[in-house]
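A short write-up of the structure that comes next.
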There are 2 protein chains.
Amino acid sequence: MFTKVLVAEDYEIANQGIIRILNDQIGIHNIQEAKYCDDAYLKFRKAYNDNDAFELLITDLSFKQDHKVQTRTSGIELIQDIRSIQPDIKVIVYSQENRPDKINMLFEKYHINGYVCKGQNAIKELISCVNGVYQNQKIVPPELSNNPDSGSMIHLDDLDMLLLEELSYGYTKKEIRLKLIEQNITPNGESSIDKRVSRLFDNFKAKNTTHLVAIVKDLGLL
Amino acid sequence: MFTKVLVAEDYEIANQGIIRILNDQIGIHNIQEAKYCDDAYLKFRKAYNDNDAFELLITDLSFKQDHKVQTRTSGIELIQDIRSIQPDIKVIVYSQENRPDKINMLFEKYHINGYVCKGQNAIKELISCVNGVYQNQKIVPPELSNNPDSGSMIHLDDLDMLLLEELSYGYTKKEIRLKLIEQNITPNGESSIDKRVSRLFDNFKAKNTTHLVAIVKDLGLL
DNA sequence: ATCCAAAATACAGAAATCTGTAAGGACATT
DNA sequence: AATGTCCTTACAGATTTCTGTATTTTGGAT
C-alpha cells in the first residue's frame with residue numbers, strides 16, 4: 001500500500017475525515033495535509049527535494065480563497081504543477097462535482113487515476129479508490145460507470161462551445177458572425193451559425209436560445 | 001445550550017465531522033444524523049410527535065440522490081416542511097454555496113438563523129454560529145458581513161423570480177402571459193411583462209433575455 | 001477529371017424580441 | 001372634486017430569432 005500521501009482539501013472538516021480514514025481504515029500513517037494549494041505544492045516540493053517524495057496526491061478541485069494570496073486556486077493547477085515535476089505520482093481527485101462531462105474531462109485531459117465524489121458513500125468509495133489506484137487501476141465513480149448515457153454524451157467541438165459562450169454573453173448572431181470573421185474562424189455565415197445552434201437545440205432539447213443557455217449552464221458546461 | 005440537534009448532511013465524512021464538533025467542542029450529545037432529506041424529516045416527525053422535539057436543525061442544501069426514491073432532494077424543502085410544523089425551530093444551513101445573493105435569499109425568504117460556509121474555517125465558524133444562534137442572533141458568514149456590496153443587492157419579488165424561471169425554461173412571453181392569467185397572477189399584460197423584464201435587463205446589465213438568464217444562473221438565483 | 005455527399009451559405013417568411021409612446025385605471029394628497 | 005404619480009395595458013415599428021428551401025462550396029473516392 002502507499003506509504004506517503006498528501007491530502008489537499010481546504011474544507012477542514014473533510015480534511016480531518018479523510019486523514020482519519022487513511023489512518024484507521026487503510027493503514028497509511030505518513031500523511032501530510034494542506035488547506036491551500038500553494039501550501040500543498042510547497043510540501044510536495046520539499047518532500048521531492050528531500051528524496052522522500054509522495055506516492056499519492058488526494059486533492060479537491062476548488063479551493064476558496066481567503067485573505068492569503070494564492071498563486072494556485074484550483075486543484076487542476078496543483079495537479080499540473082506537481083505532475084510536471086513528478087509525472088508518475090498517482091492522483092485522486094475528490095470533489096463535489098458530479099457532472100459526468102466534467103469528471104470525464106479530468107481523466108482525459110489531466111490523466112488522473114481516480115475520482116471520488118463527495119457524497120453519501122464517500123468513505124467506502126475513497127477506500128476502494130485508494131486500493132484500486134494502488135493496483136494501477138483507473139477508478140471511475142460508480143455513478144459514472146453505471147450510467148449508460150454517459151457514453152452517449154454529445155460531443156461539442158470548440159466552435160459549439162464558442163457559440164454557446166457568446167450567446168450566453170448576449171451577443172446577437174450578427175455580432176457573433178463578425179467576431180468569427182475577425183478571428184478567421186470558419187464557418188461564419190449567418191445561416192451556418194443558425195444551423196449549428198439549431199443542432200444544439202436538438203441535442204439539448206431546447207426550445208430557444210435562452211433555454212439552451214440555461215440548460216448548458218445547469219450542466220456546468222459553461 | 002441546545003440539548004437536541006438534528007444534522008442533515010449527505011456527505012458522510014462531513015456528517016461525522018460535524019457530530020464530533022458538536023460533541024467534543026460544544027458539548028451537545030443528543031444528536032441525530034440523517035444522510036437523506038426524507039430520513040431527516042422522519043426523524044424530526046418522530047421526535048416532534050413524541051414531545052421531544054429538536055431545538056436545532058443543521059442542514060446542507062444539496063442532497064445527491066442515489067437509488068433511493070426521495071420526495072425531498074434539497075435542504076430548502078426540508079426546511080419548509082419542518083418549519084410548517086415547528087415554526088420556532090432554529091435552522092443553520094451549512095453548505096458549499098458562497099454566493100452572497102443566494103445566502104441572503106436564505107435569510108430573507110426562509111428565515112434561517114445562521115449560515116456556515118464549508119471551507120477552511122468551518123470548524124471555528126460552526127462553533128460560533130451555534131453559539132450565536134442559541135442566543136437568538138442571526139449569524140451571517142464573515143465573507144458576507146464584511147462584504148459591503150451585499151447590501152446593494154437588487155431585490156427581486158416573486159413575480160420577477162417566476163418570470164426568470166419561465167424564461168429559463170424557454171417559454172415565450174405569450175406563453176408566460178397565458179400561464180399568469182391561468183393562475184390569476186397580475187400583472188399579466190404582455191407589455192407589463194416586457195416592462196418588468198426590461199427592468200431586469202437594467203438591473204443586471206443584460207443585453208437580452210439569454211444574457212439575463214445566463215447572468216442569473218451564474219449568480220445562483222436560479 | 002468526375003461524381004457524390006456533406007458542409008456552408010444565401011435567402012425568405014413567420015414568429016418573437018425589444019423599445020418607445022400613449023391611453024386608461026388605481027390610489028393618495030390636497 | 002381635482003391633481004399628480006404609479007402601475008397596467010395596448011399598440012406599433014425595428015430588430016432578431018427560428019425554420020425552411022435552395023444554391024454553392026468543399027473534400028474525398030472512384
Side-chain angles (χ1 to χ4, degrees), chain A residues 152-219 221-222, chain B residues 152-219 221-222:
Chain A
S152 71
M153 204 195 80
I154 302 141
H155 185 262
L156 304 178
D157 62 21
D158 291 343
L159 182 55
D160 287 323
M161 290 304 295
L162 182 62
L163 291 181
L164 288 171
E165 194 178 348
E166 296 295 332
L167 288 172
S168 80
Y169 293 151
Y171 293 109
T172 67
K173 304 211 172 131
K174 260 198 210 47
E175 291 172 319
I176 294 175
R177 170 183 153 83
L178 293 178
K179 286 193 176 201
L180 292 181
I181 293 173
E182 266 181 26
Q183 298 171 44
N184 284 326
I185 299 174
T186 55
N188 55 36
E190 219 165 309
S191 63
S192 295
I193 296 174
D194 279 349
K195 285 265 189 302
R196 239 179 151 72
V197 175
S198 284
R199 205 180 56 200
L200 291 173
F201 287 172
D202 292 343
N203 287 342
F204 291 103
K205 316 223 182 309
K207 291 199 254 288
N208 54 38
T209 307
T210 303
H211 194 198
L212 175 66
V213 167
I215 291 170
V216 171
K217 285 271 179 199
D218 283 342
L219 289 176
L221 300 176
L222 269 189
Chain B
S152 69
M153 205 196 81
I154 301 140
H155 185 261
L156 303 179
D157 64 20
D158 290 345
L159 182 54
D160 288 322
M161 290 304 293
L162 183 61
L163 292 181
L164 288 172
E165 195 178 348
E166 296 294 333
L167 288 173
S168 80
Y169 293 151
Y171 293 110
T172 67
K173 306 218 168 121
K174 261 197 207 49
E175 290 172 318
I176 294 175
R177 171 183 153 84
L178 293 178
K179 285 194 175 198
L180 292 180
I181 293 172
E182 265 181 25
Q183 299 172 42
N184 284 325
I185 299 174
T186 56
N188 54 36
E190 219 166 308
S191 61
S192 294
I193 297 174
D194 278 348
K195 285 265 189 302
R196 232 169 215 278
V197 175
S198 285
R199 205 180 57 202
L200 292 174
F201 288 172
D202 291 343
N203 287 342
F204 291 103
K205 317 227 181 308
K207 293 199 253 287
N208 54 38
T209 307
T210 302
H211 193 198
L212 176 66
V213 167
I215 290 170
V216 172
K217 284 274 179 196
D218 283 342
L219 289 175
L221 299 175
L222 268 188

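So that the names make sense, note that chain A is the first sequence line, chain B the second, and so on, each numbered from 1. Just so it is clear, the structure is predicted and the values come from calculations on it, not from any experiment.
For the pair B:I176 CD1 and C:dC18 P, the interatomic distance rounds to 11 Å; values are reported in whole Å. In this structure, A:I181 atom CD1 and C:dA8 atom C1' are separated by 13 Å, rounded to whole Å. Rounded to an integer number of Å, the gap from CD of B:E190 to P of C:dA15 is 14 Å. To the nearest angstrom, C1' of D:dG20 lies 15 Å from CZ of A:F201. With rounding to whole Å, A:N188 atom CG is found 13 Å from C:dA10 atom C1'. Rounded to an integer number of Å, the gap from B:R199 CZ to D:dC7 C1' is 10 Å. In this structure, B:E175 atom CD and D:dT17 atom C1' are separated by 15 Å, rounded to whole Å. Spacing between atom CG of A:D194 and atom P of C:dA7 amounts to 17 Å, rounded to whole angstrom units.
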(message) salt bridge (Lys or Arg N to Asp or Glu O under 4.0 Å) for A:R196 and A:D157? Distances and angles first, verdict last.
(response) CA-CA 11 Å; A:R196 239 179 151 72; A:D157 62 21; 2.4 Å; yes
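The base of C:dA10 sits within donor-acceptor range of the side chain of A:S191, with an N or O pair under 3.5 Å. With hydrogens and angles left out, the side chain of B:K195 and the base of C:dT21 share a donor-acceptor pair within 3.5 Å.
Closest approach to the B:T209 side chain among C:dT17, D:dC18, C:dT19 is made by C:dT17 (side chain taken as heavy atoms from C-beta onward). Residue B:T172 places its side chain closer to C:dA16 than to any other of C:dA16, D:dT16, D:dT9. Counting only heavy atoms from C-beta on, A:K174 has its side chain closest to D:dT16 among C:dA16, C:dT19, D:dT16. If you check D:dT16, D:dA10, D:dT9 against the side chain of B:S192, the one that comes closest is D:dT9. Comparing D:dA10, C:dA10, D:dC18 by their nearest atom to the side chain of A:K173 picks out D:dC18.
You'll find the side chain of A:H211 stays beyond 4.5 Å of the side chain of B:T210, heavy atoms only. Inter-residue side-chain proximity for B:L180 and B:I193 is flagged as met; some heavy-atom pair is nearer than 4.5 Å. Side-chain contact between A:L156 and A:F204 is present, with at least one heavy-atom pair separated by less than 4.5 Å.
An OP1 or OP2 oxygen of C:dT19 is reached within less than 4.0 angstrom by a side-chain nitrogen or oxygen of B:S198.
Nearest-nucleotide positions on DNA chain D place B:I193 closer to the 5' end than the other of B:N208 and B:I193.
Checking side-chain atoms of A:S191 against main-chain N and O of A:D194 turns up no donor-acceptor pair under 3.5 Å.
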